[in-house]
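Here the structure is laid out as structure tokens; the discussion comes afterwards.
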Amino acid sequence: MYNYENAISIYCFAVCTLIQAARLTFPSFLLQSSHSYCWRLDWRNSLHLSSKLEGFVEKREEMEIDLGKNAFDIDFHPSRDLITAGLIDGNLHLYRYSANVKPQRLLKVRAHTESCRAVRFINDGQAIVTCSPDKSILSTDVETGSAIARLEDAHSAAINRLINLSEATIATGDDEGCIKVWDTRQRTCCNTFAAHQEYVSDMYYASDSMKLLGTSGDGTLSVCNLRRNKVQAQSEFSEDELLSVVLMKNGQKVVCGSQTGTLLLYSWGCFKDCSDRFVDLSPNSVDALLKLDEDRIITGSENGLISLVGILPNRIIQPIAEHSEYPVERLAFSHNRKFLGSIAHDEMLKLWDLDELLQDSGKTLTSQDAVADGDSDEMDLEISHPKINKGTKRKSASKGTDLNGSGSFFADL
């Protein structure tokens with residue numbers, strides 16, 4: 001009589017041997033998400049499914065800076081090896097970094113009475129602009145740490161975002177959904193958009209069409225037309241809060257990160273409803289999106305993972321780093337793209353060697369591929385994971401975006 005139990009045991013042993021050999025040869029190829037499973041062999045009970053996370057993400061070397069407090073935002077100097085961070089206690093930190101050298105803190109400035117929600121270098125890196133729930137915008141000198149100027153009551157509500165639109169214009173977004181555009185030459189507010197009903201979570205400027213994209217806790221994507229001074233388009237309410245936004249595919253696709261981890265893709269000009277949904281990052285919220293090129297983005301998720309994701313075809317190329325077990329708050333590139341900076345809710349600022357992170361990015365792995373044979377490399381964009389009600393995203397811990405504004409705006413306030 002054929003012994004099926006022994007046959008199964010032999011087969012399982014062979015499979016596990018091959019997996020172990022593959023892990024030794026291609027360790028980064030077997031990266032898997034926190035919800036993936038790995039198979040292990042038990043000699044008494046044959047094959048068992050283990051939810052233990054083994055070989056989760058290949059250990060990466062990174063520089064660490066203990067900020068002492070949680071950070072809301074970071075930004076790299078446009079030409080020097082400097083990085084700044086805005087903290088929950090209202091302080092502004094400035095550090096000098098270098099490969100294989102412990103980062104050195106150059107400045108610690110009490111910038112705001114409340115939390116420092118956004119930080120950006122402006123005026124070719126000569127100054128740092130910060131904004132706060134105290135409704136003010138502050139410009140600080142990089143060399144001395146002294147205040148250049150402060151704009152009080154820039155908004156009627158707490159400010160979440162401040163990004164650069166051009167050499168002469170900047171945009172700000174607040175907790176009540178208001179977006180303002182400022183002329184830095186005339187030092188006046190030239191556009192005001194009542195774009196959202198909840199806090200502005202992120203903004204992105206499409207310079208070719210002079211459109212300002214905004215996402216919000218109300219679950220909508222807005223398109224503000226700067227030429228016509230009006231909200232030109234707004235999406236329907238999505239099922240959860242939109243937290244981040246980037247423009248991809250040479251301006252043809254808008255990608256939004258959400259609280260449930262779904263990436264919503266909108267076709268340019270068709271903003272009413274999303275054209276695609278990518279759910280492989282669910283159920284962890286995607287708080288940070290960083291555009292690597294026209295086809296790939298780097299995501300920061302609630303589970304602490306930093307992942308490289310391809311857009312159309314939509315796929316998780318691979319998790320590239322694990323900041324910590326806490327949600328990733330912000331991602332940023334250094335001026336030469338040598339380093340990737342990340343912050344989370346663990347008071348640590350980490351600088352990763354970007355070349356090392358991306359060295360195995362040619363290999364593609366989705367969470368489903370790690371546990372199931374015969375799955376297609378393409379995901380079904382119509383499948384939706386069960387939604388998890390996590391409550392309203394806190395306004396006091398809003399996310400940041402890019403700003404390289406002009407320091408002249410604050411010169412004679």
Side-chain angles (χ1 to χ4, degrees), residues 72-75 86 88 112 114-120 129-138 151 153-165 169-182 189-206 210-226 229-238 240-247 254-259 264 266 271 285-290 300 329-332 391-405:
F72 282 159
D73 200 11
I74 56 173
D75 191 40
I88 192 173
H112 298 277
E114 299 185 47
S115 61
C116 184
R117 289 189 176 179
V119 295
R120 289 296 180 271
V129 170
T130 57
C131 65
S132 170
D134 63 16
K135 308 173 188 177
S136 69
I137 302 174
L138 172 68
L151 177 61
D153 296 322
H155 279 251
S156 60
I159 306 174
N160 278 332
R161 290 291 176 269
L162 193 160
I163 69 167
N164 171 255
L165 307 185
T169 52
I170 61 174
T172 53
D174 66 28
D175 268 359
E176 295 181 350
C178 177
I179 296 176
K180 291 187 177 183
V181 176
W182 306 83
C189 179
C190 51
N191 300 90
T192 300
F193 304 99
H196 298 281
Q197 299 178 8
E198 286 287 342
Y199 68 96
V200 177
S201 59
D202 203 0
M203 291 184 290
Y204 192 98
Y205 182 55
M210 292 188 65
K211 304 291 195 310
L212 180 61
L213 306 175
T215 53
S216 170
D218 64 12
T220 64
L221 167 71
S222 65
V223 183
C224 300
N225 190 318
L226 302 190
N229 192 28
K230 70 174 186 178
V231 180
Q232 177 175 310
Q234 191 158 23
S235 71
E236 296 178 348
F237 291 95
S238 60
D240 55 358
E241 303 172 32
L242 300 185
L243 305 178
S244 46
V245 59
V246 292
L247 186 61
V254 178
V255 182
C256 299
S258 69
Q259 187 176 350
L264 305 181
Y266 295 84
F271 300 107
S285 64
V286 180
D287 295 357
L289 290 178
L290 188 61
E329 184 78 12
R330 189 73 62 247
L331 300 170
T392 302
K393 201 78 172 180
R394 71 204 184 292
K395 295 180 181 179
S396 61
S398 58
K399 316 297 179 287
T401 50
D402 293 334
L403 171 65
N404 292 312

Next on the checklist: Quick check: do H155 and T172 have side-chain heavy atoms less than 4.5 Å from each other?
Outcome noted: yes
Checklist entry - Side chains of S216 and S201: is there a donor and an acceptor less than 3.5 Å apart? => result no
Next on the checklist: Let me confirm one number: the CD1-CD distance from I88 to E114, rounded to the nearest 0.5 Å.
Outcome noted: 11.0 Å
Checklist entry - Any donor-acceptor pair under 3.5 Å linking the side chain of D218 with the backbone of Q197? => result yes
Next on the checklist: Is there a side-chain contact between K180 and N191 in this structure, where contact means two heavy atoms from C-beta onward sitting under 4.5 Å apart?
Outcome noted: no
Next on the checklist: Do S238 and L264 make a side-chain contact, defined as non-hydrogen atoms from C-beta onward lying under 4.5 Å apart?
Outcome noted: yes
Checklist entry - Any side-chain donor paired with an acceptor under 3.5 Å for N225 and Q232? => result yes
Next on the checklist: Could you measure the distance from the OH atom of Y205 to the CG atom of L226? Nearest 0.5 Å is fine.
Outcome noted: 5.0 Å
Next on the checklist: Can a donor-acceptor pair be found, under 3.5 Å and without considering hydrogens, that links the side chain of S244 to the backbone of V286?
Outcome noted: yes
Checklist entry - Between CG of L289 and CG of L331, what distance do you get to the nearest 0.5 Å? => result 8.5 Å
Item to check | Under-4.0 Å salt bridge between R117 and D175 | outcome: yes
Next on the checklist: For the residue pair Q234 / T220, report whether a side-chain donor-acceptor contact shorter than 3.5 Å exists.
Outcome noted: yes
Item to check | Beyond-backbone contact of V245 with V255, side-chain heavy atoms, under 4.5 angstrom | outcome: no
Checklist entry - For the atom pair CG (L162) and CG (D73), what is the distance rounded to the nearest 0.5 Å? => result 10.0 Å
